[in-house]
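First comes the structure, then the notes that go with it.
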Amino acid sequence: MYSPKIVGASNTRIIVLSDLHNREFGPGNTELIKQIDILEPDLIVMAGDMVNADDENLDILLNLCEDLLGIAPVYFSPGNHESYLMYEKGILLEETLSEKGIHVLVNRAEEVVIGRTPFLIGSLTTSPEGYHEYGVDFIKEFEQSREFKLLISHYPSLYYEALADTEIDLGICGHYHGGVVRLPVIGGLYHGDTGFFPKYSCGMYRLPKSTVFVSRGMGDHSGYPRVNNRPELAVIDINGRQETDLP
């Protein structure tokens with residue numbers, strides 16, 4: 001994607017991981033880590049549901065995060081499964097990840113310079129139902145920034161229920177698992193939150209004042225097999241020069 005806020009000639013490369021649900025690609029996720037290392041990202045974003053709410057064992061996630069920190073900074077936004085473990089089961093996931101050096105964002109944002117570009121990376125962890133109670137004030141402040149605004153929010157439905165006219169340079173979501181079954185032309189078939197044909201099931205969407213990327217995710221916890229819907233290790237390159245500017 002293009003953004004005039006990116007400083008310099010080089011791309012800013014973001015790797016997106018979402019909805020792993022404790023799946024492993026190779027022993028200890030060695031294959032996944034190898035592929036991410038080859039891609040040489042500037043930033044790694046985890047968009048939630050990397051674990052399962054019915055499994056308190058965090059070893060797969062913690063070991064993955066330790067390895068990924070040797071590649072690039074990691075920013076983590078909890079999904080509904082992490083939120084259940086943290087707030088219903090009392091698991092200290094946020095504290096544990098933060099101690100390892102992971103940037104865990106819960107309805108807050110951090111400033112960072114990537115390359116020469118100032119970024120404001122935020123996370124809106126509430127569902128659409130809780131947005132007016134937990135998200136309105138945060139988004140009002142977040143939207144005022146002139147930096148490149150990257151917002152991680154597990155729920156794509158936030159963008160058509162609450163954030164449709166919000167000025168965000170790039171939103172990153174997951175949750176819908178690509179619609180579980182992918183149909184030619186039509187796209188994602190189903191998710192339990194929306195029923196048939198989720199509005200934003202996967203890919204890049206252009207809104208009036210923002211761009212939103214929805215990951216198909218990497219694992220499964222729905223009980224339904226993924227059909228025509230391979231796990232997705234997403235790469236987003238943000239370029240500061242349009243094609244007409246290139247030599």
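- Under the 4.5 Å side-chain heavy-atom criterion for grouping Ile, Leu, Val, Met, Phe, Trp and Tyr, F138 is not connected to L150 through any hydrophobic cluster.
- Although no hydrogens or angles enter the test, the distance criterion places a donor-acceptor pair under 3.5 Å between the side chain of D55 and the main chain of N57.
- Atom OH of Y205 is surrounded by more than 12 heavy atoms from other residues, nucleotides or ligands within 6.0 Å.
- Within the 3.5 Å criterion, the main-chain N or O of V104 finds a donor-acceptor partner in the side chain of R108.
- Considering CG of L69 and CG of L64, their distance stands at 9.5 Å, rounded to 0.5 Å.
- For N239 against I6, the heavy-atom pair with the smallest separation is C-CB, 4.2 Å.
- Cluster annotation: L58 and I44 are assigned to the same hydrophobic cluster (Ile/Leu/Val/Met/Phe/Trp/Tyr, side-chain heavy-atom contacts under 4.5 Å, transitive).
- With a 4.5 Å cut-off on side-chain heavy atoms, F142 and T166 do not count as touching.
- Within the 4.5 Å cutoff, side-chain heavy atoms of F25 are placed close to those of L20.
- Counting only heavy atoms from C-beta outward, the side chains of Y159 and C173 approach each other to under 4.5 Å.
- When all heavy atoms are compared, the tightest approach of P78 to V106 is CG-CG2, 4.0 Å.
- Here the straight-line distance linking atom CG of L85 with atom CG of N80 works out to 10.0 Å at 0.5 Å rounding.
- A distance of 11.5 Å separates CD1 in I121 from OG in S77, rounded to the nearest 0.5 Å.
- Taking all atoms of both residues into account, the shortest heavy-atom contact from I33 to L68 is CG1-CD2, 4.5 Å.
- Note on L120: it does not cluster hydrophobically with V112, by side-chain heavy-atom contacts below 4.5 Å among ILVMFWY residues.
- Distance check: N229 CG to L183 CG gives 10.5 Å after rounding to the nearest 0.5 Å.
- Contact annotation: the side chain of L17 approaches that of L233 to within less than 4.5 Å [non-hydrogen atoms, C-beta and beyond].
- Using a distance-only test at 3.5 Å, with no hydrogens or angles considered, no donor-acceptor pair links the side chain of N29 to the main chain of I60.
- The closest side-chain heavy-atom distance from M218 to R23 is not below 4.5 Å.
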- prompt: For D237 and T12, what are the C-alpha separation, side-chain angles and deciding distance, and is it a side-chain contact (heavy atoms from CB on, under 4.5 Å)?
  reply: CA-CA 6 Å; D237 285 332; T12 296; over 6 Å; no

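- In this structure a side-chain-to-backbone donor-acceptor pair under 3.5 Å is present from K5 to E147.
- Aromatic ring centroids of Y200 and Y176 lie 6.0 Å or more apart.
- Both I91 and L97 are assigned to one and the same hydrophobic cluster, defined by single-linkage of ILVMFWY side chains at heavy-atom distances under 4.5 Å.
- By the 6.0 Å contact criterion, CD on E95 is enclosed, its count of non-hydrogen atoms from other residues, nucleotides or ligands being greater than 12.
- Within 6.0 Å of CZ on R116 lie no more than 12 heavy atoms contributed by other residues, nucleotides or ligands.
- Counting only distance, with no hydrogens or angles, the side chain of H81 and the backbone of N52 share no donor-acceptor pair below 3.5 Å.
- The cluster map of Ile, Leu, Val, Met, Phe, Trp and Tyr, joined by side-chain heavy atoms under 4.5 Å apart, puts Y160 and V214 in the same cluster.
- Within 6.0 Å of CD in E66 there are more than 12 heavy atoms belonging to other residues, nucleotides or ligands.
- Proximity of E110 to Y75: side-chain heavy atoms (C-beta onward) are separated by under 4.5 Å at one or more points.
- Although no hydrogens or angles enter the test, the distance criterion places a donor-acceptor pair under 3.5 Å between the side chain of R13 and the main chain of L39.
- For the residue pair N22/H221, the side-chain donor-acceptor check at 3.5 Å is not satisfied.
- Within the 4.5 Å cutoff, the side chain of I71 has heavy atoms near those of the P41 side chain.
- The minimum heavy-atom distance linking G174 with S18 is given by the pair CA-OG, 3.4 Å.
- A 4.5 Å side-chain heavy-atom check between H175 and L158 finds every atom pair outside the cut-off.
- Taken from OG1 in T211 to CD1 in I238, the straight-line distance is 9.5 Å, to the nearest 0.5 Å.
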- prompt: After noting the C-alpha distance and the side-chain angles of Y131 and L163, does the key distance pass the side-chain contact (heavy atoms from CB on, under 4.5 Å) rule?
  reply: CA-CA 10 Å; Y131 172 74; L163 304 178; 3.7 Å; yes

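- Rounded to the nearest 0.5 angstrom, M50 CE and D19 CG are separated by 8.5 Å.
- Under the side-chain contact (heavy atoms from CB on, under 4.5 Å) rule, R216 has a single partner from S201, P231, C202, which is C202.
- Between the side chain of E82 and the backbone N or O of G79, at least one donor-acceptor pair lies under 3.5 Å.
- Annotation for D165 and P208: closest pair OD1-CG, 4.1 Å, computed over non-hydrogen atoms.
- Between F119 and F148, the ring planes lie tilted relative to each other; the angle falls in the 30° to 60° range.
- None of H21, E232, R226 except one satisfies the side-chain hydrogen bond (donor to acceptor under 3.5 Å, both in side chains) rule with H177; the exception is H21.
- The two residues Y2 and G240 come nearest to each other via the heavy atoms CE1-O, 3.4 Å.
- In this structure, a donor-acceptor pair under 3.5 Å is present between the side chains of H154 and D49.
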